[in-house]
Protein chains: 2
Amino acid sequence: MKNKVTIKDIAKALGVSISTVSRALKDHPDISESTKTLIKNFAQEINYRPNVLALSLRQQKSHTIGLIIPEIVHHFFSSVISGMEDLSYREGYNIIICQSTENQFREAAALQTLIDHRVDGILISLSKSTQNFSQFKKAIEEGFPMVFFDRICESVETDRVIMDDTEGGRLATEYLIDKGCSNILHLAASSHLLIGRYRRDGYIQALKDHHLPIKEELILKCDTQEEVLTLQNHLYELLPQIDGVFAVNDSTAIALIQILKKKGYRIPQDIRVVGFGDGPNATIVEPALTTIEQKGYDMGRESVRLLLQRLNNPSASISYQTRVFPPTLKIRESA
Amino acid sequence: MKNKVTIKDIAKALGVSISTVSRALKDHPDISESTKTLIKNFAQEINYRPNVLALSLRQQKSHTIGLIIPEIVHHFFSSVISGMEDLSYREGYNIIICQSTENQFREAAALQTLIDHRVDGILISLSKSTQNFSQFKKAIEEGFPMVFFDRICESVETDRVIMDDTEGGRLATEYLIDKGCSNILHLAASSHLLIGRYRRDGYIQALKDHHLPIKEELILKCDTQEEVLTLQNHLYELLPQIDGVFAVNDSTAIALIQILKKKGYRIPQDIRVVGFGDGPNATIVEPALTTIEQKGYDMGRESVRLLLQRLNNPSASISYQTRVFPPTLKIRESA
DNA sequence: ATCGATATCGCAAACGTTTGCATCAAGCAA
DNA sequence: TTGCTTGATGCAAACGTTTGCGATATCGAT
């Protein structure tokens, strides 16, 4: 931060004007070749680097994009970040990262901070607790480019990158049915979380498709490892009547497998289990988890692709797009 | 980014000067209470937000810190990021994240980008491939605040946050010895990676302490899941003569356990295995992995604490500090 | 009435760039 | 010589702030 050399220093040292230096450095045709090389060489020599802050202020463009993410320590999300970083790096953008920790107030603060920082656009996956979307709507109405990924909100019109959660839920459940299960427990996410609702919808649809009864008591809100443990006893009571489980994510599926095994259940012989996510744990648990693959890295890339596309299209000509990633069932041993 | 209201707009609307608005908004004593409330209310009303870019440029301080990290998708590193983000959020700083993907050129580019962005300081964990540290040294000499964490470099003098890897390696190995192992294989990281060397040093020290022979052929460079698979045959040849394994990280330990089990070895009865890291996988693999705990979140927090401490101490008065986190052995079932 | 103190406020420079426009000299045609 | 074009460069405003200093008005004290 100290004694950084500026364009002004170059001008003074070479006895030319600031504007000449500026133009020379970016090959403006008005500047003679001789002064250009003179200035360029000198700049190189003293290791001149433009001040991005000043640039951003001047051109009203920061080449920075903001990211709001629920939890960084989460395989899916960190994969998403990785994909985002990779692509934006290639495109000359930087990412400012904010973690909402599933807290809507912190999420709101993050949005404000990012806007204050004049990021060119924002990538966001909603926190579980967010119920009020007015600030997002307002930002978008004001023309702030924003793309929602994974945890989106249907009521705000904008670009989106999601996967087909309904189809994922359907696929998972149908596979269980095909394997002969008829009493399938669904460990679900909170119903106001869209992805949770969709996955449940898929579960229900598969049951309907195969003319199986939908039993409310077999849909249990339970979407974390911890929750599996707290609901342990209730789960044990349910067990005798079920022969398959579709869990809303891998970690609950795995936690469930662990307590099932402790009770002596054999998987998949006694109970079949399928998860959602296909994180690295899926191949470590025994039996290896059959689960829905979720392409975090690709979704991350696609999100910034969509954002940049909008940034580079000055006019709001193109209508909002929704990219849907198809789910794939990774068949392993647990079902 | 569009029609953002500025301090100038407020001035014009209220018929006062720009400086008055600026001072009023920050409670400068020169401004009368009446104009203060007038201006503040108006600013609130039209939802004025200062332009952080302009601020940063003016005060030569961006309230932003740069992070260079090898791989985001890695439990330890994502925990570190999480801790960093949490603390810097509290302290009013933002984080710009760059991923080196274990590539020294990309790492160098990231450093330059961050400096160009005038971040107030940099947090970095070196890529595996980095051998040339001149740019870091230069940056530090120029007074750029930088703290290295985990993957540090001894030859550059700066603040550091590490864990006692030697002690970790010693602890792990000694535990194996205590359990009766005398032929212990070490799956090691590349020796130019400092943490790899230290963990190996700890391994050797434990052997020496207990008067066990150090066999070079039992130290194998193998630090990823993939490498375990490629070295599979070589490992199988080694197996008959060993009764314990200390792996440089959890994922190799787990990969090893998996191929051991495939060969019919019982763990820990036939071979004891201890890992390093204590990620979420450690409790999923069977048998649960005995491993060295690595406090990523805390190390992340401590890193920004150290950095902010230096930022807030204008003079370079305080000498460089190295924070060392003590390792803890998490005893489970694999050893 | 004069003076100094005090309270309020505005001017303008500065942070590091970019860029429209003006300037100036040289060259050339008439 | 005059006038016009062309090539090369500099001036200054602008991006949105902060801040040292000067300006003005008010007021009590002498």
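Letters A, B, ... mirror the listed sequences (proteins, then strands); counts begin at 1.
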>> Would you say Q321(A) and R323(A) are linked by a side-chain donor-acceptor pair, where the criterion is simply a distance under 3.5 Å?
In response: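 Note: R323(A) and Q321(A) side chains meet the donor-acceptor criterion.
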
> Between the side chains of T130(B) and E107(B), is a donor N or O closer than 3.5 angstrom to an acceptor N or O?
Replying inline: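 Present: a donor and an acceptor within the cut-off.
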
Using the side-chain heavy atoms of [X], tell me which of these nucleotides is nearest: [options].
{"X": "S32(B)", "options": "dT19(C), dT8(C), dT17(C)", "value": "dT8(C)"}
{"X": "Q60(B)", "options": "dG16(C), dT17(D), dC21(C)", "value": "dG16(C)"}
{"X": "T6(A)", "options": "dG10(D), dT17(C), dT19(C)", "value": "dT17(C)"}

> Could you go step by step and tell me if R301(A) and D86(A) meet the salt bridge (Lys or Arg N to Asp or Glu O under 4.0 Å) rule?
Replying inline: CA-CA 7 Å; R301(A) 279 187 64 109; D86(A) 267 6; 5.5 Å; no

Round to the nearest Å and state the distance from [X] atom [atom1] to [N] atom [atom2].
{"X": "I18(A)", "N": "dT17(C)", "atom1": "CD1", "atom2": "C1'", "value": "9 Å"}
{"X": "Q59(B)", "N": "dC15(C)", "atom1": "CD", "atom2": "P", "value": "14 Å"}
{"X": "D9(B)", "N": "dC15(D)", "atom1": "CG", "atom2": "P", "value": "10 Å"}
{"X": "R118(B)", "N": "dT17(C)", "atom1": "CZ", "atom2": "P", "value": "7 Å"}
{"X": "K26(A)", "N": "dT19(C)", "atom1": "NZ", "atom2": "C1'", "value": "10 Å"}
{"X": "K61(B)", "N": "dA14(C)", "atom1": "NZ", "atom2": "P", "value": "24 Å"}
{"X": "D116(A)", "N": "dG16(D)", "atom1": "CG", "atom2": "C1'", "value": "13 Å"}
{"X": "Y48(A)", "N": "dT17(C)", "atom1": "OH", "atom2": "C1'", "value": "7 Å"}

Between [N] and [X], is there an OP1 or OP2 to side-chain N/O distance shorter than 4.0 Å?
{"X": "T20(A)", "N": "dG10(D)", "value": "yes"}
{"X": "S19(B)", "N": "dC11(C)", "value": "no"}
{"X": "T35(B)", "N": "dC9(C)", "value": "yes"}

Any base atoms under 4.0 Å from [X], or only sugar-phosphate, or nothing? Heavy atoms, all strands.
{"X": "L55(B)", "answer": "sugar-phosphate"}
{"X": "I31(B)", "answer": "sugar-phosphate"}
{"X": "S22(B)", "answer": "base"}
{"X": "N51(B)", "answer": "sugar-phosphate"}

> Toward the 5' end of DNA chain D, which comes first, I7(B) or R23(B), by nearest nucleotide?
Replying inline: I7(B)

> Under the 6.0 Å and 45° cation-pi test, does R106(B) pair with Y89(A)?
Replying inline: yes

>> Any donor-acceptor pair, under 3.5 Å, between the side chain of R49(A) and the base of dG16(C), if you only look at N and O atoms?
In response: no

>> Over 60° means perpendicular and under 30° means parallel, so tell me whether F77(B) and H74(B) are parallel, tilted or perpendicular.
In response: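 The rings of F77(B) and H74(B) sit tilted, inter-plane angle from 30° to 60°.
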
> Once the angle between the rings of H63(A) and Y93(A) is folded into 0 to 90°, is it parallel (under 30°), tilted (30 to 60°) or perpendicular (over 60°)?
Replying inline: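 Judged by the thresholds at 30° and 60°, the geometry between H63(A) and Y93(A) is tilted.
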
> If you pin A54(B) and D30(A) to their nearest nucleotides in DNA chain C, which one's is more 5'?
Replying inline: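 Result: A54(B).
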
